[in-house]
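Atom set for the values below is all heavy atoms of this structure, side chains included, hydrogens, waters and symmetry mates excluded. In what follows, chains are A, B, ... by sequence order, proteins preceding strands, each numbered from 1.
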2 protein chains.
Amino acid sequence: MALRRDAQRNRERILRAAHEVFAARGFAATLDDVAHHAGVGIGTVYRRFPTKEELIEAVFTDRLEDLVTLAEEALAAPSAWEGLTGFLRTSARWHAADRGLRDAALSMDEQHFKKAGEQIVPLLEQIMERAHAEGTLRADAGFQDFPIIMAMVTEMAQHSEGCRPGLYERYLELMIDGLRARPGNGSLGAAPTGTDIRAVMRECVPPIKPAPRS
Amino acid sequence: MALRRDAQRNRERILRAAHEVFAARGFAATLDDVAHHAGVGIGTVYRRFPTKEELIEAVFTDRLEDLVTLAEEALAAPSAWEGLTGFLRTSARWHAADRGLRDAALSMDEQHFKKAGEQIVPLLEQIMERAHAEGTLRADAGFQDFPIIMAMVTEMAQHSEGCRPGLYERYLELMIDGLRARPGNGSLGAAPTGTDIRAVMRECVPPIKPAPRS
DNA sequence: AAGTAAGTGGAGGTGATTCCTCAACTTACC
DNA sequence: GGTAAGTTGAGGAATCACCTCCACTTACTT
């Protein structure tokens with residue numbers, strides 16, 4: 001049965017508030033926060049979204065789609081290098097402005113969000129492959145490095161946006177210059193595996209449920 | 001008056017245990033942890049070190065001296081570039097192996113540890129200046145970038161040492177290649193100021209006292 | 001206009017986690 | 001053997017997050 005009109009309106013309020021609160025504090029934000037921000041009772045939030053996961057999923061599924069679209073556009077850029085770096089710059093900007101989106105993007109291997117994850121991985125592979133073929137990307141960088149670089153840059157962004165917005169861009173540019181194919185580069189050694197990446201990503205996002213055993 | 005022999009022995013046990021526990025969990029470790037690890041009662045720890053700060057200071061002051069020595073050696077390296085990158089690599093290795101040392105190093109502007117901070121800043125300036133003069137370090141990188149790079153790399157190290165030890169080195173090498181002076185580098189824009197750095201560093205370390213107001 | 005199912009609010013239960021104290025007990029040393 | 005120094009760990013106090021429950025309010029139906 002359809003929701004009553006007031007319930008529908010509250011649902012939308014909650015989603016909007018959740019977006020703002022998660023943008024500011026990431027997955028670490030509490031549902032109490034969301035409720036107050038939305039101007040509704042805590043119970044109302046729990047009635048509509050029985051678990052934090054469900055709320056997060058409702059808020060960020062669409063935003064992850066945007067990331068997928070961004071990756072598709074990167075693949076269509078005039079040059080592979082432009083596509084690659086443009087994707088890095090734009091997604092870093094998005095993640096810096098929305099901590100919840102960052103946490104969601106780093107959780108793409110998790111149950112929720114798995115769909116977006118499966119869409120974006122092949123795109124990243126292609127973006128990297130294209131840049132390798134073009135000869136602009138150093139040969140020993142792989143698409144596995146993508147999420148790690150993003151995690152590092154956006155983690156710094158979280159720590160610095162409050163006191164010096166945009167600072168993270170400086171370090172992204174540094175890493176981008178490090179990614180250029182060039183004689184005289186050092187050697188990066190063995191690339192991490194998919195399993196490594198998944199484990200590291202999980203470490204980089206605050207647990208949604210109360211912290212596990214120590 | 002001197003400590004009784006058993007008290008002296010316990011004090012040493014506590015320091016040793018604190019080192020291990022802080023190495024594993026950083027400043028976020030609890031004094032209860034330290035006590036259990038040392039095999040003494042919690043009260044004993046508090047009798048000897050009335051606050052967490054005092055214990056941290058007792059454990060890490062010497063280790064920070066080691067960092068200062070490392071910087072001095074870097075300045076004496078055959079080439080400026082070797083000195084600079086060697087310092088980055090070695091200190092990153094130390095920080096990856098000892099999370100408490102990392103937290104201490106990133107707190108060098110704080111009350112405790114201020115002494116080491118005042119010693120190391122001019123050394124870092126000289127290391128960078130020497131590499132600029134040598135022409136191997138890109139002109140738009142400054143010594144202010146030092147702590148940020150270290151914070152980024154060692155934060156990744158904290159997240160990855162558990163599942164893939166040494167992974168952080170890959171990204172340090174990437175940043176080092178990004179630091180090389182080269183035609184075709186992008187532009188980094190304005191360097192952060194000392195005030196910026198201090199604010200960001202504070203954000204990167206878990207608060208020693210219970211978290212402040214929200 | 002009245003009935004009723006749907007929706008609401010938020011105090012408070014539950015369970016973690018941390019910091020730190022204190023009073024009864026033990027030990028080193030003279 | 002006396003006593004000051006040292007030890008212990010249960011537990012007080014504070015904080016924090018998740019989530020439940022039920023007395024109350026509201027939208028919609030007839």
Side-chain angles (χ1 to χ4, degrees), chain A residues 1-18 21-22 24-59 99-100 103 112 205-214, chain B residues 1-18 21-22 24-59 99-100 103 112 205-214:
Chain A
M1 197 220 252
L3 288 179
R4 238 166 60 176
R5 189 161 321 149
D6 56 340
Q8 181 60 37
R9 194 202 53 203
N10 277 344
R11 204 189 116 96
E12 273 152 26
R13 272 198 200 172
I14 290 168
L15 283 173
R16 206 162 29 237
V21 170
F22 285 133
R25 311 223 286 116
F27 288 180
T30 69
L31 294 204
D32 294 44
D33 264 349
V34 172
H36 289 128
H37 207 75
V40 305
I42 300 156
T44 303
V45 174
Y46 279 96
R47 157 173 279 260
R48 217 45 73 200
F49 302 96
T51 68
K52 202 171 171 179
E53 274 102 331
E54 283 178 64
L55 177 55
I56 287 177
E57 206 178 322
V59 172
R99 186 171 189 153
D103 289 349
H112 20 267
V205 181
I208 295 183
K209 289 283 186 134
R213 308 235 87 276
S214 71
Chain B
M1 202 221 249
L3 288 178
R4 240 165 60 174
R5 189 162 320 150
D6 56 341
Q8 180 62 37
R9 195 201 52 204
N10 279 344
R11 203 189 115 96
E12 273 153 26
R13 271 198 201 172
I14 290 168
L15 283 173
R16 205 161 29 237
V21 170
F22 285 133
R25 310 223 286 117
F27 287 179
T30 69
L31 294 204
D32 294 45
D33 264 349
V34 172
H36 288 130
H37 207 77
V40 304
I42 301 156
T44 305
V45 174
Y46 280 96
R47 157 172 278 262
R48 216 46 72 202
F49 302 96
T51 69
K52 203 170 171 181
E53 274 102 329
E54 283 179 64
L55 177 55
I56 287 176
E57 205 179 321
V59 171
R99 186 172 189 152
D103 288 349
H112 22 267
V205 182
I208 296 182
K209 288 287 185 129
R213 308 234 91 273
S214 68

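Every residue two or more places apart in sequence or in another chain that forms a salt bridge (charged side-chain N to carboxylate O under 4.0 Å, His left out) with Asp6(B) is listed here: Arg4(B). Remark: Arg13(B) engages no residue in a salt bridge (charged side-chain N to carboxylate O under 4.0 Å, His left out) (not counting sequence neighbours). Residues satisfying the side-chain hydrogen bond (donor to acceptor under 3.5 Å, both in side chains) criterion with Asp33(B), sequence neighbours excluded, are Arg25(B).
Side-chain nitrogen and oxygen atoms of Arg47(A) include none within less than 4.0 Å of the OP1 or OP2 phosphate oxygen of dT20(D). Between dG6(D) and Asn10(B), no contact under 4.0 Å exists linking OP1 or OP2 to a side-chain N or O. The shortest distance between the side-chain N/O atoms of Thr44(A) and the OP1/OP2 oxygens of dG7(C) is not below 4.0 Å.
Checking dT21(C), dT8(D), dG7(C) against every side-chain atom of Tyr46(B), the shortest atom distance belongs to dT21(C).
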Nucleotide N/O to protein N/O under 3.5 Å, stretch nucleotides 21-24 of chain D:
none

Could you pull out the protein-nucleic contacts involving nucleotides 27-30 of chain C (nitrogen or oxygen on both sides, under 3.5 Å)?
residue, atom, partner, partner atom, Å
dT27(C), O2, Arg4(B), NH1, 3.1
dT27(C), O2, Arg4(B), NH2, 3.3
dA28(C), O4', Arg4(B), NE, 3.2
dC29(C), OP1, Arg5(B), N, 3.1

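Shown for residues 25-35 of chain A: residues whose heavy atoms fall under 4.0 angstrom of DNA chain D, namely Thr30(A), Leu31(A), Asp32(A).
Rounded to a whole Å, the NZ atom of Lys52(A) is 4 Å from the P atom of dC18(D). Between the CG atom of Leu55(A) and the P atom of dA17(D) there is a distance of 16 Å, given to the nearest Å. To the nearest angstrom, C1' of dA17(D) lies 13 Å from CZ of Phe22(A). Counting to the nearest Å, the C1' atom of dG7(C) and the CD1 atom of Ile42(A) are 16 Å from each other. If you take CZ of Phe49(A) and C1' of dG7(C), they are 15 Å apart, rounded to a whole angstrom.
Counting non-hydrogen atoms under 4.0 angstrom, Arg11(B) reaches nothing in the nucleic acid.
Considering every non-hydrogen atom in both Asp103(A) and Gly26(A), the closest pair reads OD2-CA, 3.4 Å. For the pair Ala18(A) and Val59(A), the tightest heavy-atom approach, listed with the atom from each and the gap, is CB-CG2, 3.8 Å. The minimum heavy-atom distance linking Phe27(A) with Gly100(A) is given by the pair CE2-O, 3.6 Å.
Contact of the Leu55(A) side chain with the Phe22(A) side chain is registered, since non-hydrogen atoms from C-beta on lie closer than 4.5 Å. Counting heavy atoms from C-beta outward, Arg11(A) and Leu3(A) have side chains that approach closer than 4.5 Å.
Partner Val45(A) forms a side-chain contact (heavy atoms from CB on, under 4.5 Å) with one of Asp32(A), Asn10(A), Ile14(A) and no other, that one being Ile14(A).
Atom-to-atom distance recorded for Arg48(B):CZ and Leu31(B):CG is 14.0 Å, nearest 0.5 angstrom. The line from CD of Glu54(B) to OH of Tyr46(B) is 12.0 Å long, rounded to the nearest 0.5 Å.
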